[in-house]
Amino acid sequence: MTDHARQPKLAADPATPLAGAEIVVAVGGGIAAYKACELVRLLTKAGAQVTVVMTRRAQKFVGALTFQALSGRAVMTELIDPGQEHDIGHIRVADRADLMIVAPATANLIARLAAGMADDAVTAVALATRAPLLIAPSMNVNMWANPLTAANVRRLIDVAGAHVVGPGDGFLACRWTGPGRLAEPADIVAAAARLRTAPDLAGRRIVITAGPTHEPIDPVRYLGNRSSGKMGYALAAAAMQRGAAVTLIAGPTALPDPVGVDVVHVEDARAMERALADHAWGGDAVIMAAAIADFRPLAAADKKLKRTEIGLAPTIALDANPDLLAGLGAERARRGGGPLLVGFAAETHDVVNYARAKLAAKGCDLVIANDVSAPDAGFAVDTNRVIAVDAGGAVELPFGSKAAVAHRILDVVAPRLR
Ligand code: PMT
């Protein structure tokens, strides 16, 4: 690229890549403009400072006042604003931006951006800024399929270094079904976070397990545990942000699938074992954050057990589940190579010693030990405190949100990848 090269500024802490970032949200004139409200809300919640710039048509769909309230800042609606021009408003906004998001990017707005026009506030800021440009297209399916739009998008990517998120596929406001929906605001935020995170796991393939397993007793009852999946899901999102191709093998949780991650949903330990057999080999690392049940009912009933049939003091005969991590460790030794194996250890006392024992017993390279008896760590809470244990010693990682702890764990994992 020329010396107009866009300058990605990476976040100081990849756990909070949008905190403190100056983000311009440029709203185009399409029905999806209302979704830009949620986008601004999510960006602000993630700690970004948001300046909204609107086209004239966008203001017909959503009032500037709404964005002003959501962003806590004045909204730029005109290229020339007599009250703002002492320091050339659009250049000030363009210069301080770390990232510019265009959402919704209509076919017309994409064409004007690709032509390098600067005839309104949005196009002028886009042309003047050296910050990365993230375009979220939204339009009628046939407009999106039109080769002219495709050429304009390609030009924005090739000439302006723009990044594109979406469009999604589905039922559109114009009553057509197909690609053209604005990407979900959470997906746009994830794409923005990714642009601000150093891609130190690019080219890596990482498999992560998360959540509990449910071992069926009958069609309505199961044996389970208190894992919410939050730790494993945070690891998956963090690895994806750092550029890895991530497969998340998830037991039953209430969490939405992380954006940009392949998710394989399973119910019980044996299904998780099959999913691992399908995905673990050929990758760079397997991180086992799932709380896999050690036992399952010996035989699951295929009809709901009735109180009257099982009596008032029933016993459930149990069988041992396979130890999946130990199985991977043994198989890797048999094959003479394979992915880096990272286990977790959920302990209530003598944490490091038990973690060391698991490291040896399961044949893995690293164990992340958490004291699950602490009120702010382990099962179901939003924070964790962990110690990374390997053959050489133990290192306590900083306490924080599971998102932050996930990044600290990946800081330990990344340099070990072969
Ligand atoms: O999901 P959250 O609510 O966010 O909670 C996070 C967590 C507490 C579940 C997570 O941080 C954690 O500690 N996960 C591992 C829980 C566990 O099962 O620990 P364990 O010490 O029993 O097992 C040791 C390792 O062997 C784990 O990597 C586990 O995935 C694996 N294992 C266990 C049993 C089994 N049959 N097969 C296994 O592979």
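When a ligand or atom number is given, it counts from 1 through the structure's own listing order. FYI, the numbering just counts along the sequence from 1.
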When rounded to the nearest 0.5 angstrom, what is the spacing between CG in Asn140 and OG1 in Thr106? 12.0 Å

[atom1] of [X]: more than 12 outside heavy atoms within 6.0 angstrom?
X	atom1	value
Glu396	CD	no
Arg335	CZ	yes
Arg221	CZ	yes
Arg416	CZ	yes

Any ion pair linking [Y] and [X] (charged N to carboxylate O, less than 4.0 Å)?
X	Y	value
Glu273	Arg270	no
Asp218	Lys306	no
Glu22	Arg73	yes
Arg41	Glu38	yes
Arg205	Asp284	no

Ligand-side contact atoms (ligand 1) for residue partner [X], heavy atom cut-off under 4.0 Å:
X	answer
Asp294	34 (C), 35 (C), 36 (N)
Gly343	28 (O)
Gly229	1 (O), 2 (P), 3 (O)
Lys230	1 (O), 2 (P), 4 (O)
Ala345	21 (O)

Does an N or O anywhere in [X] fall below 3.5 Å from an N or O of ligand 1?
X	result
Ala380	yes
Ala326	no
Val381	no
Glu347	no
Ala346	yes

Can you tell me the protein heavy atom closest to [atom] and the distance?
atom	result
atom 5 (O) of ligand 1	Gly378 O, 3.4 Å
atom 30 (O) of ligand 1	Ala290 O, 2.7 Å
atom 2 (P) of ligand 1	Ser228 OG, 3.4 Å
atom 24 (C) of ligand 1	Phe344 O, 2.8 Å
atom 6 (C) of ligand 1	Met231 CB, 3.6 Å
atom 37 (N) of ligand 1	Leu324 N, 3.1 Å
atom 11 (O) of ligand 1	Asn370 OD1, 2.5 Å
atom 39 (O) of ligand 1	Leu325 N, 2.7 Å

Just one of Val53, Leu133, Val52 clears the side-chain contact (heavy atoms from CB on, under 4.5 Å) bar with Val24, so which one? Val53

May I ask you to check whether Asp120 and Thr123 show a side-chain donor-acceptor distance below 3.5 Å? yes

Heavy-atom distances under 4.0 Å decide this one: backbone, side chain, both or neither, for Asn321 against ligand 1?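 Near ligand 1, Asn321 shows nothing, with every heavy atom at 4.0 Å or more.
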
4.5 Å side-chain heavy-atom contact, Val263 and Pro258: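 Yes, their side chains come closer than 4.5 Å.
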
Taking the minimum heavy-atom distance to [atom], which of [options] ranks first?
atom	options	result
atom 22 (O) of ligand 1	Arg226, Lys358, Glu273	Lys358
atom 26 (O) of ligand 1	Arg296, Lys362, Met272, Lys402	Lys362
atom 9 (C) of ligand 1	Ala210, Ala377, Pro322, Ala289	Ala289

